[in-house]
Structure formats: C-alpha cells, structure tokens
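These numbers were taken from a predicted model, which means no experiment stands behind them. Convention: sequence-line order gives letters A, B, ...; per-chain numbering from 1.
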Amino acid sequence: MAAIDAPATALLSVSNIEVAYGRSAPALRGVSLRLREGEVVSLLGANGAGKTTLIRSISGLLKLHSAKVLSGQVNLDGARIDGVAAHHIARKGLSQVPEGRMIFANLTVAEHLQIGALSAPVEKHEMSRRLVLDLFPALRPRIDDQAGWLSGGEQQMVAIGRALMASPRLMLLDEVSLGLAPIITRSIFEQLDRYRRETGCAMLVVEQNAKLALDFCDRAYVLDRGRILLEGSAADLKADPRVQDLYLGEAPGEGSAYTFRDAKRYRRRTRWLK
Amino acid sequence: MIFFLQLLVSGLAVGSVYGLVALGFVLIFKATDVFNFAQGDLLAVGAYLMFVALAVFNLPVALAIIATVVAAGILGAMLQRVVFKPLQGQPLLTVVMATIALSLIIQGALVIIFGSQDLSFPRTLPSSIVAIGALRLSMLDLIIMGCSVVCVSAFALFFRYTSLGLQMRATAEHPEAAALSGINSDRVFTVAFSIGTVTAALGGIFLGSLQVVSPTLSQIGLLAFPAVVVGGLTSIPGSVIGGLLIGVLQQLSAGYFDGAVASVVVYSGLLLVLLLRPQGLLGRPSVQRH
Ligand SMILES: Nc1ncnc2c1ncn2[C@@H]1O[C@H](COP(=O)(O)OP(=O)(O)OP(=O)(O)O)[C@@H](O)[C@H]1O
Ligand SMILES: [Mg+2]
C-alpha cells in the first residue's frame with residue numbers, strides 16, 4: 001500500500017480511507033486514489049457508489065454532513081488534509097464544482113467570480129476573469145444578473161467559472177453534466193479541456209456519462225458500493241469488457257446521460273459479476 | 001395637523017431606531033440562522049454600557065458612544081464563540097431556546113448589577129427644541145433619525161461593496177459553497193454577531209436618550225421583532241421600512257389615544273400583515289432553481 005500511495009510523488013493521494021456518515025455503515029471502505037500534477041482522472045460508478053463522498057473527503061466537506069474519515073488519510077502535496085476545514089483546503093489551491101452547482105441564487109454572476117477569486121492572489125484576478133469570460137462568452141451579457149435567474153447550463157458555467165477564478169492546481173468536478181443538454185455538456189467539456197491545456201490544472205471528474213469521461217481523462221477509477229472496483233488508463237478501461245458491458249456496450253449513443261434505469265441494471269450486473 | 005406632524009416625526013425617530021435594531025437582527029438571522037430573542041436585551045445592555053461610560057468613567061458623549069460600540073462588538077463576538085458556535089447545526093428550536101435563556105440571564109444580570117429603578121444618562125445628545133414655523137421638533141429626534149439613517153446606509157454599503165460584506169451574503173445563502181470558495185464561516189458568523197450586537201447597542205443608546213435607562217428597555221427592544229416580521233425575515237431594507245412603520249403607528253396611536261392602545265394597534269397591524277402577506281412586506285420566496 002505504502003509504495004502505491006507514497007504521498008510525496010503525488011499531487012493528491014487518498015490512502016485506504018474508510019468514511020462513514022454519523023453511525024451508519026461506511027460509505028467508503030478502503031478507497032485509495034492517486035493523482036499527479038496536471039493529470040485528469042475520472043471517477044465512475046453507479047448512484048450511491050460513494051463518488052460524492054470521496055469528493056467531500058478530499059475537499060473537507062465531510063464534517064458539514066456529519067461524516068468523517070475513520071481510517072486512512074488524504075494528502076495534498078504531501079500534507080495531510082483529512083480533518084482540515086474546507087476553507088483552509090480551498091486556499092491550498094484546490095477548488096470544486098460541487099454536485100448540484102450550489103450557486104448563490106441572489107448574488108450576481110460578477111459576485112460569484114469575485115468570491116471564487118478569494119483564494120487566489122490579487123494579481124491573478126483580472127487574468128482569470130478574462131479567461132473565464134473567454135471560455136464562457138454566454139456569461140458576458142449576464143454578468144450583472146442574479147445567478148438564480150439563469151438557465152441550468154448558465155448556472156453550471158457560473159459554478160465552473162467560480163471554481164476557475166481560484167486559479168486552482170487541482171479541480172474536483174462532481175457531475176458537471178447533470179441535467180444539461182448533451183450539446184451544452186459537450187461544449188463545457190471542450191472548454192474544460194482547453195483550460196486544462198492552457199493551465200496544466202489537474203482534474204478529478206465524477207461523471208455518469210462514461211464515454212464522455214473516458215474520452216476526456218488520462219486515467220479512471222470505477223467505484224462500486226464504497227470500494228474501488230477497477231482502475232486504469234482511459235484506453236485500458238475503454239477496452240475492458242466489464243466497463244464496455246456496464247457503461248459503454250449498451251450506451252445508446254454519444255453524449256447521452258446515464259439514466260436511472262442504467263443504474264439499476266448496473267447494480268444487477270455488478271452483483272452478478274461477483 | 002401640527003400635532004400630527006410632530007407625532008409623525010417622533011414616530012419616525014423611534015421607528016428608525018427599531019429599524020436599526022431589526023437590521024442587526026436580520027443580519028444575524030440571515031448569516032447564522034440564529035433567531036435571536038435576546039436582541040432586545042442586547043439593546044438594554046447597550047444602554048447600560050453607555051450609562052457606565054458616562055456616569056462611571058465620565059467620558060464625553062462622543063467617546064462614550066465609541067466605547068459602547070467597541071464593547072458591544074466584543075460582546076457580540078464572545079456570544080458567538082461561547083454560546084452559538086457550539087450550538088451550530090442544532091435544530092432551530094434548540095437555538096431559539098438558548099437565545100431565550102440568554103435573554104433571561106441578561107435581564108436578571110442587569111437587575112442584579114444596576115437595580116430595577118430608572119436611570120438616565122447624566123449627559124446626553126443635544127435635546128433642544130427646533131421650531132419650524134408652528135412646528136416644534138425635538139433636536140434629539142432629528143439627531144437620532146439622522147444617526148440611524150447614517151448607520152443603516154453604512155451597513156448597506158458595507159454589505160454591497162466590501163469583500164467581507166460579500167462573504168457574509170454568500171455564507172448566508174450557501175454555507176457549503178462559501179466554504180468551498182475559501183470563506184471562513186466562523187469568522188463571518190463572528191462578524192455578523194458583532195455587527196448585530198452593535199446595532200442593538202446603538203438602539204439602546206438612542207432609546208435610552210429618548211426615554212430612560214431601565215430593564216424594561218428589553219421589552220421595548222422587542223418592538224424590533226414586529227419590524228423584522230413586517231419587513232420580511234430576511235430583507236434588510238424591509239426590516240428598516242418595517243421599523244419606521246411600527247414607530248409611526250406606535251407614536252400616532254399613543255398620541256391620539258394612549259400607550260395600551262398603541263400596543264393593540266401595533267400588534268394587530270403585525271397580525272394583519274402576517275395574515276395577508278406571510279412572507280412580510282418586502283420578504284420574498286428566495287429564487288433558487290434546483
Ligand atoms: N449527507 C449524507 N448523510 C448520510 N448519508 C449519506 C449522505 N450523503 C451520502 N450518503 C450515503 O453515502 C452513500 C454514498 O453516497 P454518495 O452521495 O457518495 O454517492 P454517489 O456515488 O455520489 O451517488 P450519485 O451518483 O447518486 O451522486 C449512499 O449510500 C448515501 O446514502
Ligand atoms: Mg454524487
């Protein structure tokens with residue numbers, strides 16, 4: 001275990017963590033994950049597999065949900081961050097596009113960008129702002145509008161823009177495509193790809209649309225009921241019969257979202273696999 | 001007509017104080033989800049702090065106000081750290097019970113320390129009479145109105161234009177997202193309690209100057225509640241307008257009838273607003289798509 005997870009060589013390393021909400025059974029059991037500087041890794045898995053829980057364990061949000069890391073550790077840049085408050089972690093260069101967007105409905109788009117910039121040095125603000133409006137030109141005319149009145153896709157752009165304003169070294173993206181039209185999802189991922197090439201920002205991407213995620217990332221992990229089921233390069237996983245069967249084989253086509261029925265089928269199949 | 005105008009001005013003066021106190025209340029509620037029933041008692045504490053600064057330390061009025069404001073700010077921060085931080089995440093009702101306990105503790109402590117008799121400030125803000133034609137206005141009313149307007153505007157500018165103000169609005173709306181952006185919610189909560197206590201203390205200074213300093217100020221401070229509810233629990237401009245309405249209603253009915261009628265009128269008005277517009281006059285259901 002120690003050899004794989006040697007914290008010093010990784011930007012982010014999650015080592016064998018067990019996480020539980022309150023007194024309920026652990027949502028993560030012995031999960032390990034590693035991410036190098038500039039690397040894009042995706043995290044796949046059915047509903048309830050523990051993807052969001054893993055993201056929360058990294059960004060310091062467990063406490064807000066009365067959960068905690070029972071054993072194992074999380075390191076960012078070699079320093080332990082499990083148990084550290086979310087706002088401290090944010091200031092270490094980690095930012096997040098959370099599940100459900102979590103925009104501030106009554107704040108304007110401009111104010112979201114200002115808030116995102118809080119954890120970046122002042123001299124970077126103007127450049128990041130230009131970059132964000134460049135990536136998402138649709139936000140320009142809405143800049144002084146309250147975010148609560150924007151469309152779902154525009155709100156997602158605001159959430160991503162807010163995260164980018166921090167000039168992060170590592171970005172966590174939790175189901176960016178949720179509820180968006182395939183064409184918007186694709187354009188958002190194109191912009192993320194462009195951002196990543198321009199800045200070398202590392203990304204950990206949770207995504208239900210496996211094809212989209214595997215096309216976008218370098219490596220991927222498949223999480224199943226709190227454990228890592230598979231792990232490998234994007235190309236290997238795309239070729240892996242189990243992934244093909246579970247995620248890609250019957251996928252109704254490019255850009256389609258993973259549906260509830262897919263999830264149920266997935267659960268049946270993984271059980272059958274074991 | 002003259003009588004009406006005079007009542008109107010004194011109503012606006014008292015009302016602006018209610019508005020100021022209500023603003024502090026709304027701020028605490030919005031930022032920290034604490035529905036603070038001790039706000040009226042913090043107002044009384046402000047009046048007594050001012051009394052101590054004037055009568056015990058012999059400070060000039062301006063310095064006494066500054067000292068009171070500073071002390072109130074520190075007291076607010078301490079309350080957050082000692083009482084409300086440990087209660088974070090508890091159900092609303094538990095926290096409300098805690099604020100009621102706090103309210104009773106403060107009332108008792110004030111009586112123990114200062115007795116229950118009426119005190120008055122040995123020196124106070126100028127209180128001459130200004131005559132405009134036949135209209136005779138109290139200088140004190142005008143000063144208090146002016147100060148309240150300045151304070152409310154200052155707080156409004158603070159929320160709108162400063163980084164800390166923005167952080168407070170963000171935390172009030174979505175604490176989780178605020179934390180993810182590097183905002184320290186503890187710091188924001190502490191500032192909210194400080195400012196909320198300072199507005200209450202300023203209210204205490206003003207009401208103590210208009211009337212007397214006594215433990216009953218706690219109850220008068222409760223008039224900030226109708227102001228809050230009338231204005232909508234989360235609207236800062238609403239709470240100020242609510243305060244002005246309550247003040248004017250109270251002074252008019254007390255002037256034409258008497259004090260008892262005034263409370264019947266004020267609270268009937270409150271009930272009426274609640275029945276017709278449960279979200280308050282300016283309160284609105286928050287815009288949020290999911
Ligand atoms: N706030 C919470 N309190 C208690 N239990 C929770 C909480 N959030 C998640 N869980 C539990 O933890 C497990 C993993 O949930 P998690 O949200 O991490 O799954 P997920 O992989 O993100 O699913 P989805 O694809 O539906 O978003 C689930 O069994 C869920 O019931
Ligand atoms: Mg999730």
Among the options A:Gln96, A:Arg162, A:Glu111, pick out the one with the most heavy-atom pairs lying under 4.5 Å from chain B. A:Glu111
Might you confirm whether atom CD1 of A:Ile183 has over 12 heavy atoms from other residues, nucleotides or ligands at distances under 6.0 Å? no
Going by side chain to side chain contact (heavy atoms under 4.5 Å, CB included), name the residues that satisfy it together with A:Ala90, two or more places apart in sequence or in a different chain. none
Do A:Ser95 and B:Leu180 touch side chain to side chain, with heavy atoms closer than 4.5 Å? no
Give, for atom CD of B:Gln88 and atom CG of A:Leu64, the distance between the pair rounded to the nearest 0.5 Å. 8.5 Å
Please check this pair: side chain of B:Glu173 against backbone of A:Ala105, looking for a donor-acceptor N/O pair closer than 3.5 Å. yes
Taking a cut-off of under 4.5 angstrom between non-hydrogen atoms, the residues of residues 181-201 of chain B near chain A are B:Ser181, B:Gly182, B:Ile183, B:Asn184
Against chain B, label A:Leu61 side chain, backbone, both or neither, depending on which of its atoms sit under 4.5 Å from a heavy atom there. side chain
Could you name the residues of residues 126-143 of chain A that have a heavy atom within less than 4.5 Å of a heavy atom in chain B? none
With only heavy atoms counted, which part of A:His88 is less than 4.5 Å from chain B, the side chain, the backbone, both or neither? neither
Residues in residues 159-171 of chain B that sit under 4.5 Å from chain A, counting heavy atoms only: B:Arg160, B:Ser163, B:Leu166, B:Gln167, B:Arg169, B:Ala170
